[in-house]
Amino acid sequence: MKFRKTEALKGEVTIPGDKSISHRAVMLGAISRGTTRITNFLRGADCLSTIACFRKMGISIEEFPEEILVHGNGLHGLHAPTDILDVGNSGTTARLISGILAGQSFESTLTGDASICRRPMKRIITPLSMMGADVKSLRENGCAPLAIRGSRLQGIHYESPVASAQVKSCVLLAGLYADKETSVTEPYISRDHSERMLASFGADIKTENCTVTIQPEPKLTGQDVAVPGDISSAAYFIAAALLVPGSELLIKNVGINPTRDGILGVCRRMGADIAILNKREHGREPVADLLVRHSALKGTVIEGAEIPTLIDELPVLAVLAAFAEGRTVIRDAQELKVKESNRLDILVHHLSAMGADVTGTEDGMIIRGGRPLHGAVLESHLDHRIAMSFAVAGIAAKGETEILQADCVDISYPGFYRDLLER
Ligand code: S3P
């Protein structure tokens, strides 16, 4: 896929549903009683993997153009899977479903694509084993494939060494099947969609500072879930409108949950003109329309507690920083090394290939922005967020940028190139 400088981005765009919330709606729907009706469900490859896994455990899930219906079987209604559970490229499916599988009375095997089989699973094996589940990395390398023998679990208090919503959610979901309450403390607060949705399905769950506590064996009841637009997908349009001169773009129906909206604060610090309009609630999630105008940007520091609130937006923020005047420092972002690809190394490589002045560090990078960027031929490494971030770089840089294996964007945003280019 090839990119050149584009015209100003004008008018409106409505981006697809939130990936994290779509996954969770299927999972909670499957273990609740009654029907969960999901609108604006993200039909990306990752969320379709979640649907496929629950169908293999006997859950009836109907797909219609306007909605998805999940006919739940209750907390103890899953059947032993008829086959290996294949999560594809989806870390969220792998880690969250493992929490549910740990509490079942059957054994299951879970695998995924080459990227999933390199990503760290010890971070969930450790707490699930403390709770009494038998979880084995079949290649004994701390990664998938995993064999999970579930059992009646023990409630624990878990101090997670990483601020990870996938780890936190895995432990909380296992906590539904425990003998007493389970709590998780993380170093910084990560996205809280699981907590919000578990509460709305009927779980007894409380958050105090960085600790979440859940009571076991709730009566979960199917709900209507209206999924907000994904701020992680909106991020590419925010960046494109900020970078392309003359742009004024209204991005409609974007989830602005405070545990996810770090990109807005960072862009504002960089000098971005972003207005938050029509703020409202969708179920338990805050939503707004974002009006973004082309802006002159300057460098900033991104670190600490802000990192989990924009973890998936760091690639496109690094692109923005390369176009901004002055120094941007990204710290405390070592988690980027264990995403769908090693995003730290790839960002440094790709930005350098486009002519940016960037130095990788142990846990981030330093970008001395403001040099004119030029086109380059870039591997996506089958990482959707790398492909979309450099598509944005490509429409703002001089000359032609080519992204190889660009259709990996289907993981989280089928139709991305059409929305970006054919507006
Ligand atoms: C996600 C949590 C984040 C994020 C991922 C989705 C989730 O991962 O990067 O894309 O839905 O819980 P970590 O929890 O590993 O940081």
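Whatever order the structure lists ligands and atoms in, that order sets their numbers, starting from 1.
The N/O atoms of Ser20, backbone and side chain alike, include one that comes under 3.5 Å of an N/O atom in ligand 1. Taking distance alone, with nitrogen or oxygen atoms compared against 3.5 Å, Val167 stays at or beyond that limit from ligand 1.
Among protein heavy atoms, the minimum distance from atom 16 (O) of ligand 1 is reached at Lys339 NZ, 3.1 Å. Given atom 1 (C) of ligand 1, the protein heavy atom at minimum distance is Gln166 NE2, 3.5 Å. Looking from atom 15 (O) of ligand 1 to the surrounding protein, the closest heavy atom is Ser164 OG, 3.2 Å. In this structure, atom 10 (O) of ligand 1 lies nearest to the protein heavy atom Asp312 OD2, 2.7 Å.
The salt bridge (Lys or Arg N to Asp or Glu O under 4.0 Å) test with Asp312 is passed by exactly one of Lys19, Arg343, Arg260: Arg343.
A donor-acceptor pair is defined here as one N or O able to donate and one able to accept, closer than 3.5 Å; such a pair exists between the side chain of Ser247 and the backbone of Val244. Glu422 contributes no side-chain N or O that, together with a main-chain N or O of Leu420, makes up a donor-acceptor pair within less than 3.5 Å.
Thr259 and Asn257 share a donor-acceptor pair across their side chains, judged by distance under 3.5 Å alone. Side-chain contact, Thr213 with Glu181: no donor N or O sits under 3.5 Å from an acceptor N or O. Side-chain contact annotation: Asp419 with Tyr236, donor-acceptor N/O pair under 3.5 Å absent. A donor-acceptor contact under 3.5 angstrom links the side chains of His76 and Glu217, judged on distance only.
At a 4.0 Å cut-off, at least one heavy atom of Arg24 sits close enough to ligand 1 to count as contact.
Residue-ligand proximity, Ile311 to ligand 1, at heavy-atom distances under 4.0 Å covers atoms 9 (O).
At a heavy-atom distance under 4.0 Å, only side-chain atoms of Arg191, from C-beta outward, approach ligand 1.
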